[in-house]
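The structure that follows is given in the form of structure tokens.
The chains referred to below are lettered A, B, ... by the order of the sequence lines, with proteins before strands, and numbering in each begins at 1.
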Amino acid sequence: MAYWLVKSEPFKWSWQQQVEHGTTHWDGVRNYQASNNLKAMRLGDRAFFYHSNEGKEIVGIVEVVKEYYPDPSDESGRFGMVDVKAVKPMTRPVTLAEIKADPELQDIALVRQSRLSVQPVTEAQWRHICRLGETDPA
DNA sequence: GCCAACGTTGGC
DNA sequence: GCCAACGTTGGC
């Protein structure tokens with residue numbers, strides 16, 4: 001299984017809304033690198049749900065329940081989306097400041113390529129962040 | 001609100 | 001195919 005991180009501005013789409021809706025389309029991605037990461041997602045992969053701008057912290061974990069397919073909101077037909085479902089919240093949110101300050105997380109895309117909205121996470125990074133968030137990584 | 005980083009567009 | 005202009009993201 002692979003691990004990922006997806007970003008959302010809580011004003012547009014918050015973790016709370018994700019929990020209330022259960023399964024949702026992760027649509028609206030209009031960046032090739034992010035889209036390629038969506039394409040690489042497989043059923044059962046997990047992703048951290050990160051609040052950008054407001055909060056700047058990882059607040060929960062979602063699971064991929066449908067693989068890449070066309071995004072009907074994209075008129076150009078170039079971009080797709082996946083479906084994700086809320087799995088569980090982080091017991092304790094893990095902030096960007098903590099991640100930046102952690103020597104073991106210096107290579108994470110969140111630090112190195114901050115604008116990318118869909119990012120890969122290594123298994124080591126996944127476990128480390130789960131430990132910081134006092135959350136079972138499984 | 002500012003600005004750095006970076007992606008995209010379009011003229012040539 | 002280059003690159004200047006412009007737009008967007010997102011941290012601060």
Problem - A:Lys7 side-chain N/O to C:dG10 phosphate OP1/OP2 under 4.0 Å - result: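 Yes, A:Lys7 has a side-chain N/O under 4.0 Å of OP1/OP2 on C:dG10.
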Practice task
Send over the distance from A:Leu96 CG to C:dG10 C1', rounded to a whole Å.
Solution key: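 For the pair A:Leu96 CG and C:dG10 C1', the rounded distance is 10 Å.
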Practice task
Please check the phosphate of B:dC6 (OP1 and OP2 only) for any side-chain N or O of A:Tyr32 closer than 4.0 Å.
Solution key: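 No, A:Tyr32 has no side-chain N/O under 4.0 Å of OP1/OP2 on B:dC6.
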Problem - Sole residue of A:Trp15, A:Tyr3, A:Trp126 in side-chain contact (heavy atoms from CB on, under 4.5 Å) with A:Ile61 - result: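 Testing each of A:Trp15, A:Tyr3, A:Trp126 against A:Ile61, the sole residue satisfying side-chain contact (heavy atoms from CB on, under 4.5 Å) is A:Trp126.
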Handout entry: Under 4.0 angstrom between A:Gln33 side-chain N/O and B:dA5 OP1 or OP2
Key =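 Checking A:Gln33 against B:dA5: no side-chain N or O falls below 4.0 Å of OP1 or OP2.
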Exercise for the section: Could you state the atom-to-atom distance from CD of A:Glu54 to C1' of B:dG1 in whole Å? Expected result: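 Interatomic distance, CD of A:Glu54 to C1' of B:dG1: 14 Å.
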Practice task
Please tell me if the side chains of A:Trp4 and A:Pro120 come closer than 4.5 Å, counting only heavy atoms from C-beta onward.
Solution key: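 Yes, at least one pair of side-chain atoms sits under 4.5 Å.
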Practice task
Check every atom of B:dA5, C:dG10, C:dG11 against the side chain of A:Arg115 and return the nucleotide holding the closest atom.
Solution key: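 Nearest nucleotide to the side chain: B:dA5.
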Practice task
Compare all side-chain heavy atoms of A:Gln113 with those of A:Gln33 and state whether any distance is below 4.5 angstrom.
Solution key: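 A side-chain contact exists here, since the closest heavy-atom pair is under 4.5 Å.
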Practice task
Let me know the distance between CD of A:Gln113 and P of C:dG11, rounded to the nearest Å.
Solution key: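 Interatomic distance, CD of A:Gln113 to P of C:dG11: 14 Å.
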Exercise for the section: Rounded to the nearest angstrom, tell me the gap between atom CZ in A:Arg112 and atom P in C:dT9. Expected result: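 Roughly 24 Å, once rounded to whole Å.
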Handout entry: Atom-pair distance (CD on A:Glu9; C1' on C:dT9), nearest Å
Key =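 Computing the A:Glu9:CD to C:dT9:C1' distance gives 8 Å.
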Problem - Spacing of A:Gln119 atom CD and A:Leu110 atom CG [to the nearest 0.5 Å] - result: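 Taking CD in A:Gln119 and CG in A:Leu110, the distance rounds to 5.0 Å.
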Exercise for the section: Send over the distance from A:Asn53 CG to C:dT8 C1', rounded to a whole Å. Expected result: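 Distance check: A:Asn53 CG to C:dT8 C1' gives 11 Å.
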Practice task
Check the distance between C:dG10's P and A:Glu57's CD and give it to me in whole angstrom.
Solution key: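 Answer to the nearest Å: 16 Å.
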Handout entry: Phosphate contact (C:dC12 OP1 or OP2) by A:Lys100 side-chain N/O below 4.0 Å
Key =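 Answer yes for this pair, as a side-chain N or O of A:Lys100 is under 4.0 Å from OP1 or OP2.
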Exercise for the section: Measure the distance from OH on A:Tyr50 to P on C:dT9 and round it to the nearest whole Å. Expected result: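 Answer to the nearest Å: 15 Å.
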